[in-house]
Amino acid sequence: MRSMGHEKSKADPCLYFKWTENGLLLWLSWIDDCLCVGHPVEVAKAREEILNKFECDDIGEVKEYLGCKIDRNWEDRQVRLTQPVLLQSYEDEFELPPTGRSTNTPALAGSVLSPDVEDEEVVGKEMHSSYRTGVGKLLHVARWSRPETWNAVRELTRAVKGPSMMHYNAMLRLMRYSVDTPERGWLLKPTRTWDGKSKFEFVISGRSDSDYAKCPATRRSVSGHNVKLEGAVIICKSGMQKTTTLSVTESETVAGVTCAQDMMYAKNIVESIGLKVKLPMRLEIDNRGAVDMAQNCSSGGRTKHMEIRMLWLSELQEKGILDVRWIRGEDNETDIQTKNVSGPL
């Protein structure tokens, strides 16, 4: 890459970039699968250079990458990622339940899968192996093309050591839902068009949410957050918090900090290739207590043991990097990453 005049991103070692007379040229590498993005003239030049250095296959315009089908709509300026091959494997390898209203969501609304299976029928060795395989597939799909299934998949992963029939049936239900909604995928549709110049300021924003004391076994809360680049979700997460928080405000603060970390990572990526990010970046949280703590440099009372997380958000706000704001709960789409909700939601 150096011999071709490219620099390596300091934020992501698998991202290489080069500014040309026709704009920015990017290379992404995943082991030996490389993707080149940029002006058609510059992509053609880079392709010839790489073919002169290595014996490799040129598969042309990107329509699939790392198991993801990539559908581009030039008129609406959007990209959708789906994984039809993996969805088909659900039907080929597992006995899925019949289609019906009971499978129109990733999981039953309001349900919580506990990792504790003491009172449940534990599956046999063969079904246990099948469960591990199925959860692995679901993880891959949730990560790359079906972010709305994150919470349901997260709950399933907690029982891979010894699932019960309840967990196994929940896995099959989630597979049926995914198979019945093949048109859904990770949609990238930015709100603005880049002019191709380095002075353009990209807008990065984030939203976070938490479900307090969600786990019936550990009483830990669940965090969910989205990070957006120009209105398109580029990072989506759902995960059990690493610490046991003592209030809703604390759990919302932990979720906000996690979101801010990913927002900083996105900022570092953009700036590492010579582009600019508009500051401050907007972080939206649907808990006024968490917002108030981020906007005030103080600690005391029942939240003093949270001071490191609190003060970090406050520091970012003081420096003009973050702008932490309150948002109504009904407007916060990250709610679906912390709990199993109904069909309309």
Side-chain angles (χ1 to χ4, degrees), residues 64 66-71 80-187 211 214-217 222 224 233 236 238-240 333-345:
E64 184 178 339
L66 304 176
C68 287
K69 181 183 177 184
I70 302 174
D71 294 309
R80 187 185 299 276
L81 306 179
T82 57
Q83 293 173 285
V85 175
L86 266 177
L87 292 188
Q88 183 60 46
S89 73
Y90 294 169
E91 286 194 291
D92 295 341
E93 300 177 22
F94 300 88
E95 295 184 12
L96 304 186
T99 301
R101 291 188 62 186
S102 62
T103 57
N104 66 350
T105 55
L108 185 64
S111 65
V112 179
L113 276 180
S114 172
D116 188 356
V117 295
E118 290 183 3
D119 300 327
E120 299 288 338
E121 178 188 356
V122 179
V123 301
K125 186 176 181 180
E126 186 175 338
M127 292 185 71
H128 189 178
S129 177
S130 176
Y131 183 82
R132 286 173 175 265
T133 300
V135 171
K137 289 176 180 287
L138 288 167
L139 270 171
H140 197 272
V141 172
R143 174 65 183 84
W144 298 112
S145 67
R146 299 298 293 268
E148 88 277 15
T149 66
W150 252 123
N151 184 67
V153 175
R154 178 195 59 76
E155 289 189 335
L156 294 174
T157 62
R158 304 186 68 213
V160 291
K161 289 184 179 180
S164 68
M165 286 304 301
M166 176 180 63
H167 295 99
Y168 195 85
N169 290 331
M171 178 190 73
L172 296 181
R173 172 205 167 97
L174 177 51
M175 287 181 170
R176 169 51 68 188
Y177 159 79
S178 301
V179 169
D180 288 348
T181 53
E183 76 288 350
R184 294 187 179 179
W186 195 312
L187 182 68
D211 195 6
K214 174 71 168 287
C215 178
V222 174
V233 175
C236 180
S238 172
M240 189 72 68
E333 74 276 4
T334 58
D335 186 50
I336 68 172
Q337 290 152 235
T338 64
K339 58 182 69 72
N340 296 321
V341 299
S342 61
L345 285 175

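What you see below is based on every heavy atom in this structure, not just the backbone, and it leaves out hydrogens, waters and symmetry mates.
- Closest heavy-atom contact between Lys339 and Lys214: CA-NZ, 3.5 Å.
- Between Gly134 and Phe94, the shortest heavy-atom distance links the atoms CA-CZ, 3.6 Å.
- Summarising the geometry of Thr82 relative to Gly185, their closest heavy-atom pair is CG2-CA, 4.1 Å, with the distance given to 0.1 Å.
- A heavy-atom distance below 4.5 Å is found between the side chains of Val222 and Ser238.
- Side-chain atoms of His128 come within 3.5 Å of backbone atoms of Val160 as a donor-acceptor pair (strictly under, hydrogens ignored).
- Under the side-chain hydrogen bond (donor to acceptor under 3.5 Å, both in side chains) rule, Gln83 has a single partner from Ser89, Ser178, Ser145, which is Ser145.
- Listed by chain and number, the residues in a side-chain hydrogen bond (donor to acceptor under 3.5 Å, both in side chains) with Asn340 are Ser111, Asn151, Glu155 (sequence neighbours excluded).
- Side-chain atoms of Ser129 never come within 3.5 Å of backbone atoms of Glu126 as a donor-acceptor pair (strictly under, hydrogens ignored).
- In summary, of the residues considered (Leu174, Val153, Thr181), a side-chain contact (heavy atoms from CB on, under 4.5 Å) with Arg146 occurs for Thr181 alone.
- Rounded to the nearest 0.5 angstrom, Leu81 CG and Glu64 CD are separated by 11.5 Å.
- Two residues are said to be in side-chain contact when any heavy atoms from C-beta on lie closer than 4.5 Å; Thr149 and Leu138 fail this criterion.
- Every residue was checked against the side-chain hydrogen bond (donor to acceptor under 3.5 Å, both in side chains) condition with Arg143, not counting sequence neighbours, and none meets it.
- Between Cys68 and Trp186, every side-chain heavy-atom pair lies at or beyond the 4.5 Å cut-off.
- Atom CZ of residue Arg173 and atom CG of residue Asn169 lie 11.0 Å apart, to the nearest 0.5 angstrom.
- When every heavy atom of Arg158 is checked against every heavy atom of Arg154, the shortest pair comes out as CG-O, 3.4 Å.
- In this structure, CG on Leu86 lies 11.0 Å from CG on Asp92, to the nearest 0.5 angstrom.
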Between Tyr90 and Val141, is the side-chain contact (heavy atoms from CB on, under 4.5 Å) condition met? List the steps.
CA-CA 11 Å; Tyr90 294 169; Val141 172; 3.2 Å; yes
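- The structure places CE of Met175 at 10.0 Å from CG of Leu87, a figure rounded to the nearest 0.5 Å.
- Contact annotation: the side chain of Leu156 approaches that of Leu113 to within less than 4.5 Å [non-hydrogen atoms, C-beta and beyond].
- Of all heavy-atom pairs spanning Trp150 and Leu139, the tightest one is CZ3-CD2, 4.3 Å.
- How far CG of Leu345 is from CD1 of Ile336: 9.0 Å, rounded to the nearest 0.5 Å.
- For the atom pair Leu96 CG and Arg176 CZ, the distance stands at 5.0 Å (nearest 0.5 Å).
- Pairing each heavy atom of His167 with each of Ser114, the nearest pair is NE2-O, 2.8 Å.
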